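This report refers to the structure that appears directly beneath it.
Since the model is a prediction, treat every value here as computed from it, not as a measurement.
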Amino acid sequence: MKFYEKIEDFLEDTSFKQWVLKEDVVQDKFWQEWIASNPSKVELLRQAKTILLELDASTSNWTKKGKEKTFLAIQDRIDISDEKRKSTKVHTYKPDTLGIQNRIRLILGLSLIVSFSFALFYVFVTEENKEAISVVPQANEWIIKSNPKGQKSTLQLADGSNVVLNAESELRFKSGFGQLHRELYLSGEAFFEVASDSMPFRVHSGDLITTALGTSFNINSYQDDWVQVQLATGKVRVINVAKDNQSVELIPGEEAVIGENSQLKKGKFDLDKAFFWKDGVLVFNNMPFQEVVRTLERWYAAEIEINNSAPKDLRISAEFKKNTYLKDVLESLGYAYNFDFSIKSKAVKIQFKKSE
């Protein structure tokens, strides 16, 4: 495992450069986890990131001559900021307001001038044969939209995309969505209608990353070890970061599911019935009974207790119109699958009848 103790450790790291300069979605997962595990080094990372962005933004033509010129310019800026620093006793690092020369000077200090300059020269000179990189600043503040049990909501995002967020679900994204990025993180279930844009629209759910430009799709990620992506219109690509970025492309009516052994599997589904939930229609299609119970708890904000075991391998198929009461749903299911029930407020008890 690599340790990051100095600015140079970040700047010489290919993974870090891909994350900062290319906004690589795979590297993003690694670095977000690294940040969470190393809070004491976050400021060091931010300083390295600022320097990398500034240097990249100031250099459009990476010829050998251009790189040497940039290297000399860095040294000049350090010297200039050293003169300015003599007139001030206390400095505060402010990535968004200080000029490039002050940023470099304040980060490095006198003891790091020589070593850091040569490190930068090495990092960028060895990149001569790589393609030009388009830099997009990262947003910092998280915006969270969530629903409790028994509640659904419709959201319109800043880029014009629409999201129907199911009960007991959370959608989060950083500020600048639609302008700087289109990256979302989903826990639970949501249906996305994506506005067309040249900027990729990515949804992170468990170990899957679903990428689209202009399309509509549904993601179910209620379970930690099971995620399902179903495509309604357009085309998407689904990447499994847990298995060497295994990927599949979907067309309408196809789904990608990650489950047992974290393997990504492609299949088909019924387009006519798959997304009824967003219109308030409750559908069970050969669903295991325990999953039916969890769905009813989310749908009606109820707590359901099973007083004796359900028949082994019991699966439920049923459909209920919009605004059907929980009592009516249980009466119908109880008659069809041989159980009694009682409701007190939001507490439900189910008792399966013994076979005669």
Side-chain angles (χ1 to χ4, degrees), residues 25 152-157 159-169 171 182-243 245-289 291-292 294-295 298-299 315-322:
V25 295
K152 303 177 186 68
S153 61
T154 300
L155 313 172
Q156 184 171 50
L157 303 177
D159 67 338
S161 298
N162 291 310
V163 182
V164 183
L165 190 63
N166 208 345
E168 199 177 11
S169 300
L171 189 68
R182 293 208 297 174
E183 304 279 339
L184 301 126
Y185 295 79
L186 172 68
S187 174
E189 185 172 23
F191 183 88
F192 299 86
E193 292 181 292
V194 181
S196 296
D197 195 298
S198 59
M199 190 184 302
F201 185 102
R202 297 189 182 95
V203 182
H204 303 250
S205 47
D207 288 326
L208 295 188
I209 300 174
T210 303
T211 304
L213 291 176
T215 185
S216 59
F217 56 93
N218 192 87
I219 298 180
N220 184 327
S221 61
Y222 280 118
Q223 302 178 46
D224 293 336
D225 57 353
W226 187 89
V227 182
Q228 176 193 57
V229 180
Q230 295 180 316
L231 183 62
T233 63
K235 189 176 182 179
V236 298
R237 184 178 184 183
V238 182
I239 299 174
N240 180 10
V241 298
K243 289 290 182 180
N245 298 328
Q246 174 193 15
S247 67
V248 296
E249 290 189 351
L250 304 180
I251 61 175
E254 291 184 338
E255 67 179 13
V257 177
I258 183 173
E260 187 177 358
N261 299 322
S262 297
Q263 291 295 331
L264 186 61
K265 296 182 179 180
K266 185 176 177 179
K268 295 184 177 181
F269 66 95
D270 187 349
L271 260 174
D272 295 330
K273 294 185 177 181
F275 312 125
F276 278 1
W277 70 264
K278 66 189 183 68
D279 298 316
V281 178
L282 184 59
V283 177
F284 303 126
N285 184 17
N286 196 34
M287 183 180 289
F289 180 71
E291 183 59 29
V292 170
R294 287 192 288 266
T295 299
R298 287 193 296 264
W299 198 274
R315 289 179 172 269
I316 305 294
S317 292
E319 181 178 324
F320 300 94
K321 295 180 179 179
K322 184 177 181 179

pair K266-L250: side-chain heavy atoms closer than 4.5 Å
yes
Any side-chain heavy atom of L184 sitting closer than 4.5 Å to one from L157?
yes
Not counting sequence neighbours, which residues clear side-chain hydrogen bond (donor to acceptor under 3.5 Å, both in side chains) with [X]? List them please.
X: R315; answer: none
X: S169; answer: Y222
X: S196; answer: none

Qualifying ring pair (Phe, Tyr, Trp, His ring centres under 6.0 Å) pairs, either residue in residues 252-280, two or more places apart
F191-F275, F269-F275
Sub-3.5 Å donor-acceptor pair from the side chain of N240 to the main-chain atoms of S262, do we have one?
yes
Test item: Q246 side-chain N/O and K243 main-chain N/O as donor-acceptor pair under 3.5 Å
no
With under 30° as parallel and over 60° as perpendicular, where do the rings of Y185 and H204 fit, or are they tilted in between?
parallel
Other residues, nucleotides, ligands: >12 heavy atoms within 6.0 Å of N245 CG:
yes
Is the closest side-chain donor-acceptor distance between S247 and R237 under 3.5 Å?
yes
Where at least one partner belongs to residues 225-234, residue pairs that pass salt bridge (charged side-chain N to carboxylate O under 4.0 Å, His left out), sequence neighbours excluded
none
How would you list all residue pairs meeting salt bridge (charged side-chain N to carboxylate O under 4.0 Å, His left out) that involve residues 275-286, not counting sequence neighbours?
none
Decide yes or no on side chain to side chain contact (heavy atoms under 4.5 Å, CB included) for I239 and T210, but give the supporting numbers first.
CA-CA 6 Å; I239 299 174; T210 303; over 6 Å; no
Answer yes when K235 and E249 have at least one side-chain N-carboxylate O distance shorter than 4.0 Å, and no when they do not.
yes
